[in-house]
Protein chains: 2
Amino acid sequence: MKSKTLSNIAFRRHDHRRCQQFLLAEADQHCHSLNLRLTSRRRQVLEILLGSHQPMGAYDILAELNRVDRAERIAPPIVYRALDFLLQQGLIHRIESRNAFISCVQPGHQCAAQFLICRDCEQVAELETHEQELLAEADSLGFAVDHSIIEITGVCAQCQKDG
Amino acid sequence: MKSKTLSNIAFRRHDHRRCQQFLLAEADQHCHSLNLRLTSRRRQVLEILLGSHQPMGAYDILAELNRVDRAERIAPPIVYRALDFLLQQGLIHRIESRNAFISCVQPGHQCAAQFLICRDCEQVAELETHEQELLAEADSLGFAVDHSIIEITGVCAQCQKDG
DNA sequence: TTCATAATGTTATATTATAACGTAACCAAA
DNA sequence: TTTGGTTACGTTATAATATAACATTATGAA
């Protein structure tokens, strides 16, 4: 239990709206500084994810878009393209074991993230710890790492109490 | 780089047939000792996966079943059920980031496995290392771990040479 | 043999994701 | 300010992955 940065926002109280605004501003700045376009669609999808702090499926996001914008009938590729962009920029993560997406609580930190996923309340906590050992190990095998996925499923403290 | 057990079978030469026979025998024994039935369907699916040492999609397995058994027309649920059984017994793993399945090279070792996935040759190496720190961390948050997924994507040494 | 259970088989359908192609917005250079 | 290249968006259709629901068959204990 050495250097540990815990960001288990999902499992704590916090000022949701404020957090959301802060992360949106960070996203704006990130894209602006790289001369990338955080278009209204992309921003809209990011806002939806930020409004949740829980993983959402692509089709959940789609439904939300269509709920808000009742005139249009938005189709899957639009959502998937926005998600791809946000993933590439490290503004969101994909939870592989859930086919779902969640906003990143620490954009710009290289986002080699780890998740604790409660199978009861479905909340997800994002950790940011030393995975150096693991990566060093890959390295010692001559394996050039692009991307790592660490997803730990179980039952969170709250659900254990409630259960 | 402390205690390391490397089983990157995919990235080494080995006697494939012998390895396959050994793992099948282990599976038989495992199920027998727990009074579980490694039925012919389950065994058939395991054999297909053992014959590959690479991840296969459920529909790849399905196609293989239908290729072998030309009389029948096997449907998806049959494959998924066999896969579920084999997963529960820790005889195979699911690679979440690929929607694919691969035989476990160390059945019975609790199988908290980690994978190095080459995005070039698509080979997968299974590591078995200390993920104790990570699990200890989850524990320190009061999180009761069921299952952990660690999947690292990149380029293997061989493909770096070839590339 | 009979019954309960577990496993398999079958049909239909749900869920997740992408291919392919056309249109609109953006922006730099003429 | 047009032109043309590029990037993003929109649309239709369909591919790939997975499961629900229910019928049938096999297994094994009473």
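Every chain is numbered from 1, with letters handed out A, B, ... down the list of sequences.
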**Student:** For A:D84 and C:dT16, give me the distance from atom CG to atom C1', rounded to whole Å.
**Tutor:** 13 Å

**Student:** Just by distance, with hydrogens left out, do B:R41 and B:Q44 show a side-chain donor and acceptor under 3.5 Å apart?
**Tutor:** yes

**Student:** Verify the contact: side-chain N or O of A:R42 to OP1 or OP2 of D:dC9, cut-off strictly under 4.0 Å; return yes or no.
**Tutor:** yes

**Student:** So does A:R41 get a side-chain nitrogen or oxygen closer than 4.0 Å to the phosphate oxygens (OP1/OP2) of D:dG10?
**Tutor:** yes

**Student:** Respond yes when some side-chain nitrogen or oxygen of A:T39 is under 4.0 Å from OP1 or OP2 of C:dA25, and no when none is.
**Tutor:** no

**Student:** For B:R81, answer base if it contacts any base atom (sugar-phosphate contacts may also be present), sugar-phosphate if it contacts only those atoms, and nothing otherwise; contact means non-hydrogen atoms under 4.0 Å.
**Tutor:** base

**Student:** Would you say D:dT19 has OP1 or OP2 under 4.0 Å from some side-chain N or O of B:Y80?
**Tutor:** no

**Student:** Rounding to a whole Å, what distance do you find between A:L87:CG and C:dA17:P?
**Tutor:** 11 Å

**Student:** Using whole Å, what does the distance between atom P of nucleotide C:dA7 and atom CZ of B:R37 come to?
**Tutor:** 5 Å

**Student:** Can a side chain N or O of B:N99 be found less than 4.0 Å away from OP1 or OP2 on D:dA18?
**Tutor:** yes

**Student:** Expressed in angstrom and rounded to an integer, what is the separation of A:I78 atom CD1 from D:dT12 atom P?
**Tutor:** 11 Å

**Student:** Under the criteria of a ring-centre distance below 5.5 Å and an interplanar angle below 30°, is A:Y59 stacked with the base of C:dT16?
**Tutor:** yes

**Student:** Choosing from D:dT27, C:dA17, D:dT11, which nucleotide comes nearest the side chain of A:A75?
**Tutor:** D:dT11

**Student:** In this structure, how many angstroms lie between the C1' atom of C:dC26 and the CG atom of A:L38, rounded?
**Tutor:** 16 Å

**Student:** OP1 or OP2 of C:dA17 versus the side-chain N and O atoms of A:R94: is any pair under 4.0 Å?
**Tutor:** yes

**Student:** Between C:dA17, D:dT12, C:dT11, which one does the side chain of B:P77 approach most closely?
**Tutor:** C:dT11

**Student:** Testing the basics here: between A:H93 and A:L87, what is the closest heavy-atom pair and its distance to 0.1 Å?
**Tutor:** C-CD2, 3.6 Å

**Student:** Whole-Å distance between D:dT17 P and B:D60 CG?
**Tutor:** 7 Å

**Student:** Whether the A:D84 and A:Q88 side chains hold a donor-acceptor pair (N or O, under 3.5 Å, no angle test) is what I'd like checked.
**Tutor:** no

**Student:** Can you tell me the distance, in whole Å, between the CD atom of A:E96 and the P atom of C:dA17?
**Tutor:** 9 Å

**Student:** How many whole angstroms separate atom CG of A:L83 from atom P of D:dC9?
**Tutor:** 12 Å

**Student:** Please indicate whether A:Q29 has more than 12 foreign heavy atoms, meaning atoms of other residues, nucleotides or ligands, lying under 6.0 Å from its CD.
**Tutor:** no

**Student:** Taking side-chain hydrogen bond (donor to acceptor under 3.5 Å, both in side chains) as the definition, give me every residue that meets it alongside B:S97, ordered by chain and number, with sequence neighbours left out.
**Tutor:** B:E151

**Student:** Closest-nucleotide mapping onto DNA chain D: is B:N35 or B:F101 further toward the 5' terminus? I mean the 5' end.
**Tutor:** B:F101

